[in-house]
Protein chains: 2
Amino acid sequence: MGLTKTAIFTDQDNHLASIAKALAHPARLAILKHLIKQDSCICGDLVLEIGLAQPTISQHLSVLKQAGLIKGNISGTSVCYCIDTEAWQEANEAFAGLFASGMPTTNDCC
Amino acid sequence: MGLTKTAIFTDQDNHLASIAKALAHPARLAILKHLIKQDSCICGDLVLEIGLAQPTISQHLSVLKQAGLIKGNISGTSVCYCIDTEAWQEANEAFAGLFASGMPTTNDCC
DNA sequence: TTATTACATTGCAATATTACGATAAAAAGG
DNA sequence: CCTTTTTATCGTAATATTGCAATGTAATAA
């Protein structure tokens with residue numbers, strides 16, 4: 001049905017899945033990396049930097065913003081985006097936690 | 001179009017995005033956590049453990065397998081799944097790399 | 001051989017995602 | 001005021017995802 005049954009899962013899993021979803025597109029990864037690289041923030045340079053149309057970039061930015069990973073400031077006619085450091089750190093810890101819990105000793109099934 | 005323009009992006013970004021996509025569903029996170037918890041591997045207990053129909057679980061397992069995160073061994077009529085430790089470690093490093101590159105000093109835009 | 005058990009696959013319906021052209025909207029410059 | 005610049009939003013088309021009933025398959029049990 002294309003609709004995830006969120007009620008069945010833990011809040012933690014639902015939340016981590018939503019963050020993973022936001023990271024699950026190369027354009028969004030490229031946007032994040034660009035924002036990180038510039039430290040201070042960029043706006044519509046992303047449209048030139050990445051080879052996608054302006055509405056498409058705007059949509060990807062919206063996804064990242066809704067996931068809480070980035071923030072945007074209006075300055076004049078342009079909008080300035082940057083990583084939300086707190087959310088970024090939290091996401092980092094969430095993924096680190098997932099991977100740290102793993103790492104079994106053997107790599108064999110059964 | 002629902003079709004990602006992979007040619008535009010780096011192999012690294014495309015790969016990390018594909019791993020993130022595999023992690024971008026709470027059922028798949030729950031499956032991975034269960035496999036980790038049991039250390040040795042489980043099969044159709046997942047259908048009971050998670051509240052989804054057998055074909056749905058099978059599909060999620062297929063996604064995780066295609067992403068390379070898990071492996072499956074046939075033993076009798078049942079199939080035994082476990083984390084692919086190598087791929088798991090690689091995924092861990094890929095995410096750690098992404099997050100480590102970030103962490104700017106200020107949390108303000110512009 | 002004939003169940004039974006455990007999974008995978010197929011087919012389908014409902015919804016989501018990706019991408020972009022066209023069009024708003026809001027600020028700045030003339 | 002009008003124009004330009006920059007971004008967001010709307011509408012749409014193509015494809016992907018999620019979920020499950022029905023069915024297929026392969027190994028074991030009877």
Side-chain angles (χ1 to χ4, degrees), chain A residues 1-9 13-14 17-31 34-35 41-67 70-82 109-110, chain B residues 1-9 13-14 17-31 34-35 41-67 70-82 109-110:
Chain A
M1 304 148 149
L3 216 178
T4 299
K5 287 187 159 182
T6 53
I8 290 179
F9 308 103
D13 284 349
N14 281 321
S18 75
I19 303 287
K21 210 175 197 174
L23 300 177
H25 195 289
R28 292 197 286 270
L29 291 176
I31 288 171
H34 202 73
L35 291 182
C41 9
I42 312 287
C43 25
D45 306 331
L46 291 163
V47 177
L48 301 176
E49 197 69 31
I50 302 166
L52 292 172
Q54 179 267 322
T56 309
I57 296 292
S58 189
Q59 194 172 301
H60 282 304
L61 285 167
S62 167
V63 170
L64 290 171
K65 202 159 138 198
Q66 276 218 324
I70 65 175
K71 300 189 293 185
N73 267 351
I74 301 173
S75 74
T77 63
S78 61
V79 178
C80 205
Y81 285 100
C82 66
C109 276
C110 308
Chain B
M1 303 147 154
L3 216 179
T4 298
K5 287 189 160 182
T6 52
I8 290 180
F9 308 104
D13 283 349
N14 281 320
S18 76
I19 303 287
K21 210 174 196 173
L23 300 178
H25 194 288
R28 292 197 286 270
L29 290 177
I31 288 172
H34 203 72
L35 292 180
C41 7
I42 312 286
C43 25
D45 305 331
L46 292 163
V47 178
L48 300 175
E49 197 69 30
I50 302 166
L52 292 173
Q54 179 267 321
T56 309
I57 296 292
S58 189
Q59 193 173 301
H60 282 304
L61 285 167
S62 168
V63 170
L64 290 170
K65 204 161 138 196
Q66 276 216 325
I70 65 174
K71 300 189 295 184
N73 267 351
I74 301 174
S75 72
T77 62
S78 61
V79 178
C80 206
Y81 285 100
C82 65
C109 277
C110 308

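All figures in this text were calculated on a predicted structure; none of them were measured in a lab. Per chain, numbering begins at 1; letters A, B, ... match sequence-line order.
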So which protein nitrogen or oxygen atoms get under 3.5 Å of nucleotides 27-30 of chain C's nitrogens or oxygens?
none

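Summarising the geometry of A:R28 relative to A:A22, their closest heavy-atom pair is NE-O, 2.7 Å, with the distance given to 0.1 Å. In this structure, B:N14 and A:P26 approach most closely via the heavy-atom pair OD1-CG, 3.3 Å. Contact between A:L29 and B:D13 at its shortest, heavy atoms only, is CD1-O, 3.3 Å. Considering every non-hydrogen atom in both A:I50 and A:A30, the closest pair reads CD1-CB, 4.1 Å.
Counting heavy atoms from C-beta outward, B:L61 and B:L46 have side chains that approach closer than 4.5 Å. Looking at B:I42 and B:E49, their side chains never come closer than 4.5 Å, going by heavy atoms from C-beta outward. In this structure, A:H25 and A:V63 have side chains that are not in contact, with every pair of non-hydrogen atoms separated by 4.5 Å or more.
Taking a 4.0 Å limit (strictly below) on heavy-atom distances, residues 46-59 of chain A reaches DNA chain C at A:L52, A:A53, A:P55, A:T56, A:Q59.
Residue A:K21 has no polar side-chain atom (N or O) positioned under 4.0 Å from OP1 or OP2 of D:dT17. Within the structure, every side-chain polar atom (N or O) of B:H60 is placed at least 4.0 Å from both OP1 and OP2 of D:dT17. Residue B:Y81 has no polar side-chain atom (N or O) positioned under 4.0 Å from OP1 or OP2 of C:dA6.
Taking atom CG of residue A:L3 and atom C1' of nucleotide C:dT17, one finds them 14 Å apart after rounding to whole Å. If you measure from atom CG of A:L61 to atom C1' of C:dA19, you get 15 Å, rounded to the nearest angstrom. Between the P atom of D:dT6 and the CD1 atom of A:I42 lies a distance of 14 Å, rounded to the nearest Å.
Listed nucleotides: C:dC7, D:dC20, D:dT6. Nearest to the side chain of A:K5: D:dC20.
With a 6.0 Å radius and a threshold of 12 heavy atoms from other residues, nucleotides or ligands, A:I8 has its CD1 atom above the threshold.
As judged by a 4.0 angstrom heavy-atom cut-off over every strand, A:K65 is placed among residues making no nucleic acid contact.
Here A:S18 pairs with nothing under the side chain to side chain donor-acceptor pair (under 3.5 Å) rule; sequence neighbours left out.
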